[in-house]
K.L.:
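My questions will all concern the structure given below.
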Number of protein chains: 2
Amino acid sequence: MFKLNKCLILYPIRNNTMSQIELNDKKIQILNVAEKLFSEKGFEGTSIRDISKEAKINIAMVSYYFGSKERLLEALIFYKTVDLKLQLENLLQENLQPLEKVNKLIEIYVNRICLNKGIYRVLHFELYNKKREKSLEAFTELKKGNLKSVESIIKQGQTQGVFRKDINIQLITPTIIGTFFHFHMNRSFFEELLDLKTEEMFNNYIKNDLTKHIQQTIKALLVYEN
Amino acid sequence: MFKLNKCLILYPIRNNTMSQIELNDKKIQILNVAEKLFSEKGFEGTSIRDISKEAKINIAMVSYYFGSKERLLEALIFYKTVDLKLQLENLLQENLQPLEKVNKLIEIYVNRICLNKGIYRVLHFELYNKKREKSLEAFTELKKGNLKSVESIIKQGQTQGVFRKDINIQLITPTIIGTFFHFHMNRSFFEELLDLKTEEMFNNYIKNDLTKHIQQTIKALLVYEN
DNA sequence: GTTTAATTTAAACACTTGTTTAATTTTATT
DNA sequence: AATAAAATTAAACAAGTGTTTAAATTAAAC
């Protein structure tokens, strides 16, 4: 009856090489279910039968579309990380004060990880052991690109004399993402501690208080003089 | 020939209740292997056969000593988190300037997580979904205790007029631990980026640069005036 | 409408999983 | 040395794992 939506995703890997992945509605459906379950129960803790049950497809379809469970994970990572790099590169071009750019950078990070709640947990936990090389490679490229953007923004601020010059730029991202991630990984603890009863209250706390805390922290680090 | 070392570990759970766990050499051996493998391959990714092979014991011994794989995880968490609380409470009593205390607090955190590399990964990733209630409860109690210590130190600095008063104390720990944790979780990325070729170089970077970065960040946040 | 290709299915594959059993060996107690 | 308790073992258990197969169904191309 209806033709399947087909979509080609290109993602950069090492040495300016490009790789690609073809997506249709069914594949995307599987990827979304996989993200949800992987993030809830981990990669090993999720079976293909779990995925196919939740996605209401036959078990064989995962192998048919992605080849294997391992390659499903790869596809998932590529699918969910392509556009963050673009978003950061766009930020570089904007006509903003350095501090404004840093604040916006933080907002982008928080928003991205918030939107893709699941995948970042998977990324950090399943890629920790070096075995999944292909996925790891794409993730490493992403991080390198992000670092370049951060570097560029901060150096801009330094040449304008707004930021300190004895800053370890490479450790800025760990502080931004790490703070948010730790908060997110201890969600139920903070829900109880801060009395965040609903999903909405939790998200609002992130959007307001947590983001502000990170911005305040990074600002202090960047402009504070001993 | 030799009598087994026996050791009783008491750990606090909710409402001043105490629970206990008896440990002997063999149990500790199993726990150490379990920590290593859980942190490398995750809880679900590690089989009892993996553990018994590495620990050179029979498969049935895990069930015999701990009852089940799930209870092995619980025991592991209790075993590895008991003394952090004590360490922090001791810090409170020390006669130090507020900023010195904060710096020492950061050192304690970094050291602790560094020493128990494995368990913290397990703690964050396996306890994320709420199913493992018993383990989660002990972990929550630990975090509450830690927060109280941090709160006490910072309020001390505030009454002495050294620290700002508009600080979100509850988000200090996420920044400290989160920064370190993110660095640790992306170990291979930073090894390449910072050219840390040996285990020693990596640990030195943590001990010097990373710890300093966190201390610098928290100091700036605490004393910086807008 | 016929043929070819793509999709979907249930069943089977060999393998691994956590746990239990019952027998055996080692250690401790009397 | 005899007895009781604890530790250790190999084997078996049922259930779950990822993947493959070959047949059935649906869609596309001619």
Side-chain angles (χ1 to χ4, degrees), chain A residues 1-8 21-31 33-35 37-38 40-77 122 126 129 131-132 134-135, chain B residues 1-8 21-38 40-77 122 126 129 131-132 134-135:
Chain A
M1 193 71 69
F2 290 104
K3 206 174 175 183
L4 281 180
N5 265 334
K6 290 204 179 178
C7 161
L8 206 65
I21 177 178
E22 205 192 292
L23 294 178
N24 56 38
D25 287 348
K26 207 119 220 171
K27 275 190 170 186
I28 291 177
Q29 184 197 359
I30 295 174
L31 286 173
V33 171
E35 179 189 19
L37 295 183
F38 286 168
E40 281 172 13
K41 320 201 285 176
F43 179 73
E44 316 277 354
T46 305
S47 72
I48 294 191
R49 280 168 183 83
D50 292 337
I51 297 171
S52 57
K53 203 174 172 186
E54 180 106 4
K56 283 161 191 162
I57 51 154
N58 187 277
I59 344 164
M61 293 307 289
V62 172
S63 293
Y64 177 72
Y65 271 131
F66 296 97
S68 70
K69 192 188 175 189
E70 197 74 31
R71 296 233 294 280
L72 167 65
L73 176 63
E74 283 171 27
L76 177 61
I77 290 170
V122 178
E126 305 304 342
N129 51 346
K131 284 169 192 167
R132 308 179 208 281
K134 248 195 158 185
S135 310
Chain B
M1 194 70 71
F2 289 103
K3 206 175 176 182
L4 280 180
N5 265 333
K6 291 203 177 176
C7 161
L8 205 66
I21 178 180
E22 205 192 293
L23 293 178
N24 56 38
D25 288 348
K26 208 119 219 173
K27 276 190 169 185
I28 291 177
Q29 184 197 0
I30 296 174
L31 287 173
N32 286 332
V33 171
E35 179 189 18
K36 186 188 165 223
L37 295 183
F38 285 168
E40 281 172 13
K41 319 201 285 175
F43 179 73
E44 316 276 355
T46 305
S47 72
I48 293 190
R49 281 166 183 83
D50 293 335
I51 296 171
S52 57
K53 204 175 172 186
E54 181 107 2
K56 282 162 192 162
I57 51 153
N58 187 278
I59 344 164
M61 292 307 288
V62 172
S63 293
Y64 177 72
Y65 271 130
F66 297 96
S68 70
K69 193 188 176 190
E70 197 73 31
R71 297 233 295 280
L72 168 64
L73 176 63
E74 282 171 26
L76 178 60
I77 291 170
V122 178
E126 305 303 343
N129 50 347
K131 284 171 192 169
R132 307 179 210 282
K134 249 197 157 184
S135 310

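This structure is a prediction, so every number in the text was calculated from the model and none was measured. A note on names: the letters A, B, ... follow the listed sequences, proteins ahead of strands, and every chain is numbered from 1.
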K.L.:
Report the distance from atom CD1 of A/Ile51 to atom P of D/dG16, rounded to the nearest whole Å.
P.N.:
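Roughly 17 Å, once rounded to whole Å.
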
K.L.:
side-chain contact (heavy atoms from CB on, under 4.5 Å), that's the test. Do A/Phe43 and B/Glu44 meet it? Break it down for me.
P.N.:
CA-CA 9 Å; A/Phe43 179 73; B/Glu44 316 276 355; over 6 Å; no

K.L.:
Please report the interatomic distance CD(A/Glu35) to CD1(A/Ile77), rounded to the nearest 0.5 Å.
P.N.:
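If we round to the nearest 0.5 Å, A/Glu35:CD and A/Ile77:CD1 are 11.0 Å apart.
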
K.L.:
Is any side-chain N or O of B/Tyr65 closer than 4.0 Å to OP1 or OP2 of D/dT8?
P.N.:
yes

K.L.:
For A/Ile51 and A/Phe38, what are the C-alpha separation, side-chain angles and deciding distance, and is it a side-chain contact (heavy atoms from CB on, under 4.5 Å)?
P.N.:
CA-CA 9 Å; A/Ile51 297 171; A/Phe38 286 168; 4.1 Å; yes

K.L.:
Check whether any side-chain N or O of A/Lys26 sits under 4.0 Å from OP1 or OP2 of C/dT8, and answer yes or no.
P.N.:
yes

K.L.:
What one-letter contact string describes nucleotides 15-21 of chain C from 5' to 3', where B marks a base within less than 4.0 Å of any protein heavy atom, S marks contact via sugar-phosphate atoms alone, and - marks no contact?
P.N.:
--BBBB-

K.L.:
Rounded to the nearest 0.5 Å, how far apart are CG of A/Leu76 and CD1 of A/Ile30?
P.N.:
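Going from CG on A/Leu76 over to CD1 on A/Ile30, the span is 11.5 Å.
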
K.L.:
Rounded to the nearest 0.5 Å, how far does CD of A/Glu74 lie from CZ of A/Phe66?
P.N.:
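The CD atom of A/Glu74 is 11.5 Å from CZ of A/Phe66, to the nearest 0.5 Å.
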
K.L.:
List the residues meeting side chain to side chain donor-acceptor pair (under 3.5 Å) with A/Ser47, not counting sequence neighbours, and say none if there are none.
P.N.:
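Once residues adjacent in sequence are excluded, the partners of A/Ser47 under the side chain to side chain donor-acceptor pair (under 3.5 Å) criterion are A/Asp50.
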
K.L.:
Atom CZ of A/Phe66 and atom C1' of D/dT19: how far apart are they, to the nearest Å?
P.N.:
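For the pair A/Phe66 CZ and D/dT19 C1', the rounded distance is 16 Å.
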
K.L.:
In whole angstroms, how far is the P atom of D/dT25 from the CE atom of A/Met61?
P.N.:
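These atoms are roughly 16 Å apart.
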
K.L.:
May I have the distance from A/Lys41 (atom NZ) to D/dG16 (atom P), rounded to whole angstrom?
P.N.:
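Checked: the NZ to P distance equals 12 Å.
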
K.L.:
Run the side-chain donor-acceptor check on residues 54-64 of chain B: report pairs under 3.5 Å with partners two or more places apart or on a different chain.
P.N.:
unit_1, atom_1, unit_2, atom_2, d
B/Glu54, OE2, B/Lys36, NZ, 2.6
B/Asn58, OD1, B/Ala60, N, 2.8

K.L.:
Paired stems touching DNA chain D, three or more consecutive Watson-Crick or G-U pairs with both distances under 3.5 Å?
P.N.:
C:1-30 with D:1-30

